[in-house]
Amino acid sequence: MYIAIAGNIGSGKTSLTEILTEHYKATAYFEDSNNPYIADFYEDMNRWSFNLQVYFLGAKINQQVAMLETKGDIIQDRTIYEDAHIFASNLHQMGLMSSRDFSTYMNIFKMATDLVPSPDLLIYLRASVPTLINQIRKRGRDYEMSIDEGYLSRLNDKYNDWVDNIYEGEVLTIDVDNTDFVANPEAVDAIVAHIDKVRAKLATK
């Protein structure tokens with residue numbers, strides 16, 4: 001089974017990926033956090049947006065290819081769809097990525113996604129900006145300390161529109177403001193129960 005964890009910066013994707021990977025003895029695929037453009041991007045988004053997003057896209061394509069050869073359950077921390085429909089699209093709308101660069105990016109994205117399967121279940125971690133800011137500060141990555149709240153708010157709007165109106169697969173939405181799956185085992189049990197229902201449904205197809 002292929003489960004993908006989606007959500008804004010600081011929503012808890014990595015933590016939930018680790019929890020579910022341990023529970024299902026699955027193979028985890030984490031987002032590449034060593035993007036060489038990321039610190040420059042937060043200093044000058046207009047200059048580095050295309051470089052940043054193309055690097056992330058290339059890393060995701062390599063990851064998707066590796067996933068095709070993986071046996072057993074897979075848990076993925078952030079999807080290739082988010083790179084395009086959330087982050088690149090937002091940068092384009094903000095005027096931080098040119099229409100020419102965005103068109104080039106989306107052409108590469110479309111070619112890649114035509115070749116790989118979509119998740120059996122997408123788990124969307126919905127969180128308010130105060131919750132995101134609190135969790136970003138807790139983990140203390142230097143390059144994230146200057147993230148603007150307005151930027152996170154725009155990303156949230158993008159995520160909600162994508163999940164509600166664009167993404168066509170099975171989605172489980174979790175309200176992170178009121179669900180602590182790190183500290184509360186019952187919250188994890190509820191997520192696992194939903195996953196198992198989807199798995200059972202897939203087995204009947």
Side-chain angles (χ1 to χ4, degrees), residues 1-35 38 42 56 60 63 72-83 85-87 90 118-167 169-202:
M1 186 173 180
Y2 169 20
I3 301 165
I5 316 295
N8 206 341
I9 303 162
S11 60
K13 296 181 303 300
T14 299
S15 295
L16 185 56
T17 298
E18 291 171 344
I19 290 168
L20 294 180
T21 297
E22 173 64 23
H23 178 85
Y24 287 106
K25 307 305 179 189
T27 300
Y29 284 92
F30 294 97
E31 185 174 36
D32 184 353
S33 61
N34 295 316
N35 190 319
I38 199 162
Y42 284 122
F56 273 134
K60 274 292 190 303
Q63 189 176 90
D73 293 326
I74 292 171
I75 316 289
Q76 184 182 34
D77 174 357
R78 183 166 282 151
T79 67
I80 193 171
Y81 308 100
E82 292 161 84
D83 289 338
H85 292 294
I86 312 299
F87 292 93
N90 181 61
S118 57
D120 296 309
L121 175 65
L122 180 80
I123 299 177
Y124 171 41
L125 304 182
R126 191 194 302 268
S128 65
V129 171
T131 295
L132 297 173
I133 290 292
N134 181 54
Q135 296 191 165
I136 287 169
R137 287 174 178 165
K138 275 184 180 178
R139 68 188 184 191
R141 295 174 183 168
D142 289 343
Y143 61 79
E144 291 181 341
M145 292 300 100
S146 62
I147 294 178
D148 179 67
E149 291 188 16
Y151 177 66
L152 291 173
S153 180
R154 283 189 292 271
L155 292 178
N156 264 356
D157 290 342
K158 280 283 186 185
Y159 265 106
N160 292 330
D161 179 60
W162 174 61
V163 169
D164 294 340
N165 302 309
I166 299 172
Y167 186 75
E170 179 95 17
V171 179
L172 168 62
T173 298
I174 297 173
D175 176 8
V176 176
D177 291 354
N178 299 298
T179 305
D180 188 345
F181 46 76
V182 174
N184 184 3
E186 290 183 359
V188 176
D189 290 343
I191 296 169
V192 166
H194 188 96
I195 292 171
D196 290 344
K197 285 181 182 178
V198 175
R199 185 194 299 274
K201 186 168 65 175
L202 291 170

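We use all heavy atoms of the structure for the numbers below, so side chains are in, but hydrogens, waters and symmetry mates are not.
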Student: Compare all side-chain heavy atoms of F30 with those of E18 and state whether any distance is below 4.5 angstrom.
Tutor: yes

Student: Under a plain distance cut-off of 3.5 Å, with no hydrogens placed, do E82 and T79 share a side-chain donor-acceptor pair?
Tutor: yes

Student: What's the verdict on salt bridge (charged side-chain N to carboxylate O under 4.0 Å, His left out) for E170 and K201, showing C-alpha distance, side-chain angles and the deciding distance?
Tutor: CA-CA 11 Å; E170 179 95 17; K201 186 168 65 175; 3.2 Å; yes

Student: Could you check whether any side-chain heavy atom of R78 comes within less than 4.5 Å of a side-chain heavy atom of D83, counting everything from C-beta outward?
Tutor: yes

Student: Do side-chain atoms of N8 reach the backbone of L152 as a donor and acceptor pair under 3.5 angstrom?
Tutor: yes

Student: Is there a side-chain contact between P119 and I3, using heavy atoms and a 4.5 Å cut-off?
Tutor: no

Student: Which is it for Y151 and I9 under the side-chain contact (heavy atoms from CB on, under 4.5 Å) test, yes or no, and what are the steps along the way?
Tutor: CA-CA 10 Å; Y151 177 66; I9 303 162; 4.3 Å; yes

Student: Quiz question: by atom type and distance under 3.5 Å, do the side chains of N184 and D180 form a donor-acceptor pair?
Tutor: no

Student: Any side-chain heavy atom of I19 within less than 4.5 Å of one from I191?
Tutor: no

Student: Measure the acute angle between the ring planes of Y159 and Y124, then classify it against the limits of 30° and 60° as parallel, tilted or perpendicular.
Tutor: parallel

Student: Which pair of non-hydrogen atoms, one from F181 and one from V188, has the smallest distance, and what is that distance?
Tutor: O-CG2, 3.1 Å

Student: What is the minimum heavy-atom distance between M1 and D73, and which atoms define it?
Tutor: N-OD1, 2.9 Å

Student: Do L172 and V198 come close enough that some side-chain heavy atom pair is under 4.5 Å?
Tutor: no

Student: Report yes if some heavy atom in the side chain of I5 is under 4.5 Å from a heavy atom in the side chain of D77; otherwise report no.
Tutor: no

Student: Minimum heavy-atom separation for L125 to G12, with atom names?
Tutor: CD1-C, 3.6 Å

Student: Quick check: do F56 and E31 have side-chain heavy atoms less than 4.5 Å from each other?
Tutor: yes

Student: For Y167, what residues pass the ring-ring contact (aromatic ring centres under 6.0 Å, His included) criterion, not counting sequence neighbours?
Tutor: W162

Student: What's the spacing between H23 NE2 and I75 CD1 if we round to 0.5 Å?
Tutor: 9.5 Å

Student: When rounded to the nearest 0.5 angstrom, what distance separates CG in N90 from NZ in K158?
Tutor: 6.5 Å

Student: Under 3.5 Å, is there a donor-acceptor pair between the Y24 and D196 side chains?
Tutor: yes

Student: Any non-hydrogen side-chain atom of K60 less than 4.5 Å from a side-chain atom of Q76?
Tutor: yes

